Q: 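I have a structure here, written as structure tokens, and I will follow up with some questions on it.
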Amino acid sequence: MPATYEPIATTTLGSAAASISFTSIATSWTDLRVVVNGTPTANLQFLLRFNNDSATNYSGTDLDGNGTSAASNRYTGDTGIYANWSAFATSAQPAFITYDVFSYAGSTFKTALTTFNQDRNGTGFVERGVGLWRSTSAINRVDIVASANSFNTGTTATLYGIKAA
Amino acid sequence: MLNSLIPIIASSGGAAAAAGAYESIASVSGTGSSGIVTFSSIPGTYTSLQIRCVVKDVYTSGLVDSIYLRFNGTAGSLYGSHNLTGDGATASASALSNVNEIEIPKTIPDSNASFANVMGVAIIDLHDYASTTRNKTLRSISGSNANTTSTDFRVNLSSGLWRSTAAINQITIHTNIDRFTTTSTFALYGIKGA
């Protein structure tokens, strides 16, 4: 019997990597939450993919603020759900990212809420978004993928399961 | 880096969360015949409540409706809300005051064939809900997406106010268009303080 809010697995990168994967995810929970804290080797966007699907089955809408202005963007027919539409610049300051994936074992398309937060003491941005994976398959694998370049050594990712009554 | 879960779970002994800090109180699914979901007899034993919902309406005209919330069955113009919204083209803000419910805008896609299987989602946090000396404030993040350029599919950051010092023991969630589909789910969680 899973706990209501349970850490399923954590990865800390021992060397720079272009992706972090959680595989063989059981269907024991209601929702999944992915929490990432890390830095890039060079500019990149964080993409979330499911079940190793890198086809153009993803779309999303975001709302972001860069310290000067607020904006909203959308993408359709893309290869992942973006946590950050704006490039995550090289910095010693880590970004804190969350993905909430709802009804991941259900039979409808999968929707996720995303947050991206990075402050570089004068620059940086905050972003919130909603993303879609157009598949009715149960999710058994989650990949956090760098759109380019890599995540630095020390980047951490934790997968949680949330179980409803 | 590929990270298979099974050996990690085994090596970490399961690493369960602290017992009772975040508890599931109740969950309910849509029936296809009602646009109202109610959590009743909510105990006052938590510090905060969280609602996580996946929503869709049976209506078929191609609309995206709002989520509406009331507490303790009370209307009476005691509610207000603020919203910061991104529709894929523009960021905008709006507010309501002295209304009969809290509105979380543009979150419930209907069952139009052009967005079959598309669900809206929301996380709603309600802090200090059992206070008998303070009014009640919530925050939420919500939205839906249908792989379309329609600005009806949005991401929303919302706050809501209920001007009542009564402890919340009932939460009613409803759609104004029609009825929740059977694929809609609503889960209520309680979060305890130390």
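Computed from a prediction, not measured in an experiment: that's the story for all the values here.
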Q: Please name the pair of heavy atoms, one in B:Thr85 and one in A:Leu63, separated by the smallest distance, quoted to 0.1 Å.
A: O-CD1, 3.8 Å
Q: Considering only heavy atoms, which portion of B:Ile123 lies under 4.5 Å from any heavy atom of chain A: side chain, backbone, both, or neither?
A: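 Contact with chain A: backbone and side chain both.
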Q: Sort A:Tyr58 into side chain, backbone, both or neither according to what part of it lies under 4.5 angstrom from a heavy atom of chain B.
A: backbone
Q: Go through B:Ala26, B:Ser92, B:Ser144, B:Ala187 and name the one with the most non-hydrogen pairs under 4.5 angstrom from chain A.
A: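 If we count pairs closer than 4.5 Å to chain A, B:Ser144 comes out on top.
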Q: Could you walk me through whether A:Phe102 and B:Arg52 pass the side-chain contact (heavy atoms from CB on, under 4.5 Å) test, one step at a time?
A: CA-CA 8 Å; A:Phe102 293 79; B:Arg52 301 175 67 93; 4.1 Å; yes
Q: Could you check whether B:Asp87 pairs with A:Arg74 (Lys NZ or Arg NE/NH1/NH2 to Asp/Glu carboxylate O, under 4.0 Å)?
A: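 Not counted as a salt bridge, because no side-chain N and carboxylate O are separated by less than 4.0 Å.
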Q: Atom OG of B:Ser142 and atom CG of A:Leu113: how far apart are they, to the nearest 0.5 Å?
A: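 If I round to the nearest 0.5 Å, the distance is 7.5 Å.
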Q: Do B:Ile102 and B:Ile171 share a hydrophobic cluster (ILVMFWY, side-chain heavy atoms under 4.5 Å, transitive)?
A: yes
Q: Is chain A contacted by the side chain of B:Tyr189, its backbone, both, or neither, given a heavy-atom distance below 4.5 Å?
A: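 The side chain, not the backbone.
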Q: I'd like to know which of B:Thr90, B:Val118, B:Thr183 tops the heavy-atom pair count under 4.5 Å against chain A.
A: B:Thr90
Q: Who wins among A:Thr136, A:Asp100, A:Asn57 for the most heavy-atom pairs under 4.5 Å with chain B?
A: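 Ranked by contacts with chain B, first place is A:Asp100.
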Q: What pair of heavy atoms forms the shortest contact from A:Ser72 to B:Ala91, and how long is it?
A: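 In this case the closest contact between A:Ser72 and B:Ala91 is CB-N, 4.0 Å.
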Q: Between B:Thr148, B:Asn156, B:Thr185, which shows the greatest number of heavy-atom pairs under 4.5 Å with chain A?
A: B:Thr148
Q: For A:Ala71, is it the side chain, the backbone, both, or neither that has a heavy atom closer than 4.5 Å to a heavy atom of chain B?
A: backbone
Q: Answer with side chain, backbone, both or neither: which region of A:Arg134 has an atom nearer than 4.5 Å to a non-hydrogen atom of chain B?
A: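 For A:Arg134, side-chain heavy atoms alone lie under 4.5 Å from chain B.
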Q: Measure A:Thr114 against the heavy atoms of chain B and call it side chain, backbone, both or neither at under 4.5 Å.
A: backbone
Q: With a 4.5 Å heavy-atom cut-off, do A:Thr61 and B:Arg154 have their side chains touching?
A: no
Q: Pick from A:Thr30, A:Ile144, A:Val130: which one has the most heavy-atom pairs with chain B under 4.5 Å?
A: A:Val130
Q: What distance do A:Ile162 atom CD1 and B:Tyr22 atom OH have between them, rounded to the nearest 0.5 Å?
A: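 Answer rounded to 0.5 Å: 4.5 Å.
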Q: What part of B:Thr151 gets closer than 4.5 Å to chain A, counting heavy atoms only: side chain, backbone, both or neither?
A: both
Q: Give, for atom CG of B:Asn117 and atom OG1 of A:Thr108, the distance between the pair rounded to the nearest 0.5 Å.
A: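 Separation between the atoms: 6.0 Å.
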Q: At a 4.5 Å cut-off on heavy atoms, which part of A:Asp64 comes close to chain B: side chain, backbone, both, or neither?
A: neither
Q: List the atom of A:Gly77, the atom of B:Asn147, and the distance in Å for their closest heavy-atom pair.
A: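 Heavy atoms of A:Gly77 and B:Asn147 come nearest at N-OD1, 2.8 Å.
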